[in-house]
Amino acid sequence: MNGRFRLAGALAGALVVLVALAGCLPEAVHPLSDPDQASRDQRLLGLWSATIEDGTLFAHFLSEGDAVMEIMTVSYEDDGDGEWLAFSMFASRVGDDWYMNVKPLAESGEAFDQAEQNYYLSRYEITGDGRLTVWTMTEGAVIEDIRAGKVGGVVEEGGWVTTIRITEGTEGLNSYIRGSDPARLFGERLGEFRRVR
């Protein structure tokens with residue numbers, strides 16, 4: 001995969017970095033809500049860590065002064081290797097659930113052209129004991145819904161990579177998510193983060 005797909009297949013969703021372990025994620029051309037009208041989820045601010053297959057992943061949620069946050073992730077692998085990634089993110093509340101609208105910014109110093117970046121959506125839950133659990137979209141469920149006409153989108157199957165792009169506008173996308181089963185549509189569990197500070 002090239003850097004963009006590895007990154008996408010890599011987060012989330014802080015989060016997205018773990019996604020790299022899961023393959024390529026569906027992309028959304030539009031976010032779940034208007035970033036100019038979003039409210040910052042203060043609970044996310046700070047430093048989180050998760051144990052990954054070959055080491056530890058740290059995710060630092062930083063305030064940019066408004067609803068948009070920057071996520072800096074740093075991975076430390078047991079063999080001494082590692083990398084850092086940067087994302088912009090703002091939260092959306094849909095029904096009783098919280099979601100992240102994430103865009104890749106840079107990978108180990110290499111900036112991505114923001115005009116070419118789409119959103120990667122993830123669902124998250126924060127519990128009172130300091131745990132952050134993140135789920136990304138289920139590839140099969142999104143493909144099924146696009147083909148059934150439940151949400152606007154395009155599926156392009158290649159030799160190595162299947163690109164899934166949701167083209168539905170923000171209002172329609174929000175309605176689609178609201179009317180869907182979160183466990184079905186966001187069934188890929190990235191992992192569990194613990195608050196460091």
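One-based numbering along the sequence shown. These numbers come from the heavy atoms of this one structure, side chains and all, not from hydrogens, waters or symmetry mates.
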- Task: Look only at the side chain of Thr138 and the backbone of Arg184, and say whether a donor-acceptor pair between them is shorter than 3.5 Å.
- Result: yes

- Item | Evaluation steps, side chain to side chain donor-acceptor pair (under 3.5 Å), between Tyr124 and Asp41 | CA-CA 11 Å; Tyr124 70 95; Asp41 187 354; 2.5 Å; yes

- Does the side chain of His60 come within less than 4.5 Å of Thr73's, by heavy atoms? no

- Task: Might you work through the side chain to side chain contact (heavy atoms under 4.5 Å, CB included) test for Lys103 and Ser88, ending with a clear yes or no?
- Result: CA-CA 5 Å; Lys103 272 192 174 183; Ser88 66; 3.5 Å; yes

- Determine whether Ser122 and Met100 make a side-chain contact, defined as any pair of heavy atoms from C-beta on separated by less than 4.5 Å. yes

- Distance (rounded to the nearest 0.5 Å) between Ile166 CD1 and Asp145 CG: 9.0 Å

- Considering only heavy atoms from C-beta outward, does the side chain of Val142 approach that of Arg147 to under 4.5 Å? no

- Query: Closest approach of Ala86 and Met72, non-hydrogen atoms and distance?
  - Reply: CB-SD, 3.6 Å

- Item | Quiz item: cation-pi between Arg189 and Trp135, 6.0 Å / 45° | no

- Which distance, rounded to the nearest 0.5 Å, do you find between the CG of Asp66 and the CG of Asp36? 8.5 Å

- Task: Locate the shortest heavy-atom distance separating Leu44 from Phe61; write the atom from each residue and the value.
- Result: O-CB, 3.2 Å

- Task: Quick one: closest heavy-atom pair of Ala67 and Ala38, and the distance?
- Result: CB-O, 3.2 Å

- Check whether any side-chain heavy atom of Pro35 lies under 4.5 Å from a side-chain heavy atom of Asn101, and answer yes or no. no

- Message: Could you check whether any side-chain heavy atom of Arg40 comes within less than 4.5 Å of a side-chain heavy atom of Met69, counting everything from C-beta outward?
- Response: yes

- Message: Please tell me whether Phe87 and Tyr120 form a close aromatic pair, meaning their ring centres lie under 6.0 Å apart.
- Response: no

- Partner residues of Glu156 under the side-chain hydrogen bond (donor to acceptor under 3.5 Å, both in side chains) criterion, sequence neighbours left out: none

- Rounded to the nearest 0.5 Å, how far does CZ of Phe193 lie from CD1 of Ile126? 11.5 Å

- Applying side chain to side chain contact (heavy atoms under 4.5 Å, CB included), run through Val68 and Met89 and close with a yes or a no. CA-CA 6 Å; Val68 177; Met89 186 281 295; over 6 Å; no

- Message: Taking side chain to side chain contact (heavy atoms under 4.5 Å, CB included) as the definition, give me every residue that meets it alongside Gln37, ordered by chain and number, with sequence neighbours left out.
- Response: Asp34

- With side chains defined as the heavy atoms from C-beta onward, is the minimum distance between Phe90 and Tyr119 less than 4.5 Å? yes

- Message: Assigning hydrophobic clusters by single linkage (Ile, Leu, Val, Met, Phe, Trp, Tyr; side-chain heavy-atom cutoff under 4.5 Å), is Val154 placed with Tyr176?
- Response: no

- Item | Considering all heavy atoms, the nearest Arg165-Asn118 contact | NE-ND2, 3.6 Å

- Item | Test side chain to side chain contact (heavy atoms under 4.5 Å, CB included) applied to Val155 and Thr163, step by step | CA-CA 6 Å; Val155 178; Thr163 301; over 6 Å; no

Can you give the donor-acceptor pairs under 3.5 Å from side chains of residues 168-175 to other protein atoms, not counting sequence neighbours?
unit_1 : atom_1 : unit_2 : atom_2 : d
Glu168 : OE1    : Gly152 : N      : 2.7
Thr170 : OG1    : Pro31  : O      : 3.0
Asn174 : OD1    : Arg178 : NH2    : 3.3
Asn174 : ND2    : Leu32  : O      : 3.0
Ser175 : OG     : Glu171 : O      : 3.2

- Item | Arg195 side, atom CZ; Thr127 side, atom OG1 - distance, nearest 0.5 Å | 10.5 Å

- Task: Rounded to the nearest 0.5 Å, what's the gap from CD on Glu188 to CG on Leu25? Could you check?
- Result: 8.5 Å

- For the student: nearest non-hydrogen atoms of Phe186 and Leu121, plus distance: CE2-O, 3.7 Å

- Task: Taking the side chain as every heavy atom from C-beta outward, state whether Ile164 and Glu27 have any atom pair closer than 4.5 Å.
- Result: no

- Message: With a 4.5 Å cut-off on side-chain heavy atoms, are Leu45 and Ser63 touching?
- Response: yes

- Note on the structure: dist Ser49:OG -> Phe58:CZ (nearest 0.5 Å) comes out at 5.5 Å

- Message: Tell me whether the NZ or CZ atom of Arg131 lies within the 45° cone about the ring axis of Trp48 and under 6.0 Å from its centre.
- Response: no

